[in-house]
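Only a predicted model underlies this, so the values are computations on that prediction, with no experimental measurement involved.
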Amino acid sequence: MDARDACRFWLGALRGHGSRSAMLLLAMAIGVFFIALLGGLGQGARAYVLGEFSLLGRDLLIVLPGRNETTGGLPPITGMAPRSLTEADAAALSRLPAVRRVAPLQAGQAQVSRDNRSREALVLGTTREFFAIRQLRLAQGRPLPELEPGQLGHVAVIGGRLRQALFGEAPALGRWVRAGDRRFRVIGVLEARGESLGMDLSEALIVPVASAEALFNREGLQRIFVEARGPGYLDGARRQVLALLTERHQGEEDVTLLSQDAMLAAFDGILDGLTLALAGVAALSLLVAGILIMNVTWVAVLQRSAEIGLLKALGATGGQVRLLFLGEAGLLALLGAGTGLALAELLLWGGRLLSELPLYAPWWARLGAPLLALLAALLFAWLPASQAAAQAPVQALRPQGSL
């Protein structure tokens, strides 16, 4: 018996027991499908989060009012804290040696209108430095002007989608829009850009920070973006920011500093845990499929004892008989793994078309899942295959029920 004979034997056995083969193939396909699919979703979510944080800029610290140690859970992000951050705080931070840029931020929703067109929009109050920190580019016009802390400015930069909604095909530069009870002259239009960290800047109206505080009748900043001079300055910038704000807030350390690395590490840990948990569930399905293969192989050995005896009588060795049964299990595992992997890739491809997520199955899922399925099939089929190999020809050919 050569390799071609073995392959014909395996394929004939699979065709001769079609329903049993289909059941085993489905069990293996489900396990590999979920491993590849969940791995692709985890990788896509991780790549999406990394891409979102990369848009924040490099070497960035985010200063939030309030301490997460005292409030419990997440730090406050709404500006509701015992002592608010102010534009004066942001101006003082910009003079620190390790700091390159500082951008305060005040945000809220407002009705933005022009003539008879109106739209609910995100209004961001900030400074000129915000455009460099968030890597924002302008399709037309110029960014916000340099203003003194507390100085009102009746100018605005609008997102592309908001410009289209308010002006249509008409030019927007130099025109006036109304946000709440205040008017702003459009001096710039942002370049088209997708949503970033839940903030769709194409629907945003960006105005000077003091004007946003007056618009919302709100004192205190929601956050301050602090960009260090480089990776080597990040730790120094963190210490200097905390020391300065503690000094300005009467010796009380009442702010929370978030770094890009810390946020990425937190998200990465969460995604790793979720991916491992989901992959563990999928691996359990492979384990169940392996046990199913073992049970079915046991039954096959009992049902095919005459076939085994005939092979032995024709000169087949115990190793060849074992190989025949292991080959059937391995072939089923590979066919099921290929089917499950192909289906997972199809769904991930559809997900890439319908969303902006980079949904690709990782290499360990593409290679590891079929190998794991093959190993599980061979491992669980080994005992019944060994029992078939150990049968003597006379014992195997003896009619069932005879002594």
With sequence neighbours left out, which residue pairs that include part of residues 27-40 fulfil the salt bridge (charged side-chain N to carboxylate O under 4.0 Å, His left out) condition? none
I'd like to check the salt bridge (Lys or Arg N to Asp or Glu O under 4.0 Å) partners of [X]; sequence neighbours left out, ordered by chain and number.
X	value
Arg248	Asp89
Arg238	Asp235
Glu247	none
Arg119	Glu203

Any side-chain heavy-atom pair from [X] and [Y] closer than 4.5 angstrom?
X	Y	value
Ile158	Phe167	yes
Val255	Leu85	yes
Leu215	Val123	yes
Arg101	Ser94	no
Phe184	Val155	no
Val177	Val186	yes
Val63	Val241	yes
Phe225	Leu60	yes

Selection residues 109-118 - residue pairs positive for side chain to side chain donor-acceptor pair (under 3.5 Å), sequence neighbours left out: Gln111-Ser118
Pairs meeting criterion side chain to side chain donor-acceptor pair (under 3.5 Å) with involvement of residues 335-345, two or more places apart: Glu345-Arg366
Distance in Å, [X] [atom1] paired with [Y] [atom2], rounded so as to fall on 0.5 Å steps:
X	Y	atom1	atom2	value
Arg134	Leu124	CZ	CG	8.5 Å
Asp254	Leu64	CG	CG	12.0 Å
Leu341	Leu346	CG	CG	11.5 Å
Glu120	Leu162	CD	CG	11.0 Å
Leu138	Arg142	CG	CZ	10.5 Å
Ser202	Glu191	OG	CD	12.5 Å

Test of understanding: with side chain to side chain contact (heavy atoms under 4.5 Å, CB included), list the residues that count as partners of [X], not counting sequence neighbours.
X	result
Pro171	Arg175
Leu374	Leu334, Leu378
Arg100	Glu227, Arg229
Ala214	Leu152, Arg182

Ignoring hydrogens and angles, tell me if any N or O in the side chain of [X] forms a donor-acceptor pair with the backbone of [Y] under 3.5 Å.
X	Y	result
Gln164	Arg161	no
Ser211	Val207	no
Arg128	Leu144	yes

More than 12 heavy atoms of other residues, nucleotides or ligands under 6.0 Å from [atom1] of [X]: is that the case?
X	atom1	answer
Trp176	CH2	yes
Tyr233	OH	no
Glu146	CD	yes

Between Phe33 and Leu347, is a side chain to side chain contact (heavy atoms under 4.5 Å, CB included) present by the stated rule, with each step listed? CA-CA 10 Å; Phe33 166 77; Leu347 288 181; 3.4 Å; yes
Taking every non-hydrogen atom, the tightest pair across [X] and [Y]:
X	Y	answer
Leu348	Gly40	CD1-CA, 4.1 Å
Glu87	Ala210	OE2-CB, 3.7 Å
Ala98	Gly236	CB-C, 4.2 Å
Val102	Ala90	CG1-O, 3.5 Å
Leu257	Leu61	CD2-CD1, 4.2 Å
Glu213	Gly220	OE2-N, 3.8 Å

Go through the steps to decide whether Leu93 and Val99 satisfy the test side chain to side chain contact (heavy atoms under 4.5 Å, CB included), and finish with yes or no. CA-CA 7 Å; Leu93 292 176; Val99 173; 5.6 Å; no
According to side chain to side chain donor-acceptor pair (under 3.5 Å), who are the partners of Gln250, at least two apart in sequence or on a separate chain? Arg83
Could you walk me through whether Val157 and Val189 pass the side chain to side chain contact (heavy atoms under 4.5 Å, CB included) check? CA-CA 6 Å; Val157 175; Val189 179; over 6 Å; no
